[in-house]
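Written below as structure tokens is the structure these notes are about.
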Amino acid sequence: LRLTPPRPHARGSAWHHLRRPVARGFEATFTFQLAAPTRRCAVHRDLDFSLALYERCAVRGGDGLAFVVADDPNGTAALGAAGG
């Protein structure tokens, strides 16, 4: 299950298909993998000779993740705004 593509300002969610009782506590077991970060490179050149001086690369991944237990009247539409 991929929640978001490797690009900026993406958001995603996954929901259980049935409402789960949690008032008396619960256990949850899951695994996750953070993968496929965005990698962008730029070559900086000497303007007089058009020679490549150096290449600068930046690797960007997600802002984070959260495991949320909520009882929102908006149901699965309760997803917040995209990160940045």
Side-chain angles (χ1 to χ4, degrees):
L1 169 67
R2 177 180 285 273
L3 294 180
T4 59
R7 62 178 170 78
H9 309 292
R11 65 184 183 144
S13 63
W15 301 90
H16 195 280
H17 66 283
L18 297 174
R19 194 173 181 165
R20 309 301 299 173
V22 297
R24 296 185 346 175
F26 68 97
E27 288 187 26
T29 303
F30 57 92
T31 60
F32 66 93
Q33 178 180 0
L34 303 174
T38 301
R39 182 173 189 263
R40 294 191 179 155
C41 298
V43 176
H44 298 271
R45 299 185 181 280
D46 181 304
L47 297 178
D48 295 325
F49 299 104
S50 190
L51 299 173
L53 295 178
Y54 63 94
E55 181 179 52
R56 183 174 156 240
C57 297
V59 177
R60 296 185 55 177
D63 297 329
L65 62 100
F67 177 79
V68 179
V69 177
D71 188 15
D72 192 295
N74 293 320
T76 59
L79 182 62

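Excluded from the calculations below are hydrogen atoms, water molecules and symmetry mates; all remaining heavy atoms, backbone and side chain alike, are included.
For the atom pair H44 NE2 and R56 CZ, the distance stands at 5.5 Å (nearest 0.5 Å).
V69 and F32 fall within the same hydrophobic cluster, where Ile, Leu, Val, Met, Phe, Trp and Tyr residues are linked whenever their side-chain heavy atoms come under 4.5 Å apart, directly or through other members.
Aromatic ring pairs are classed by plane angle as parallel below 30°, tilted from 30° to 60° and perpendicular above 60°; the pair F30 and F67 is parallel.
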Check: Would R19 and D71 satisfy side chain to side chain contact (heavy atoms under 4.5 Å, CB included), going step by step from the backbone distance to the final call?
Finding: CA-CA 9 Å; R19 194 173 181 165; D71 188 15; 2.4 Å; yes
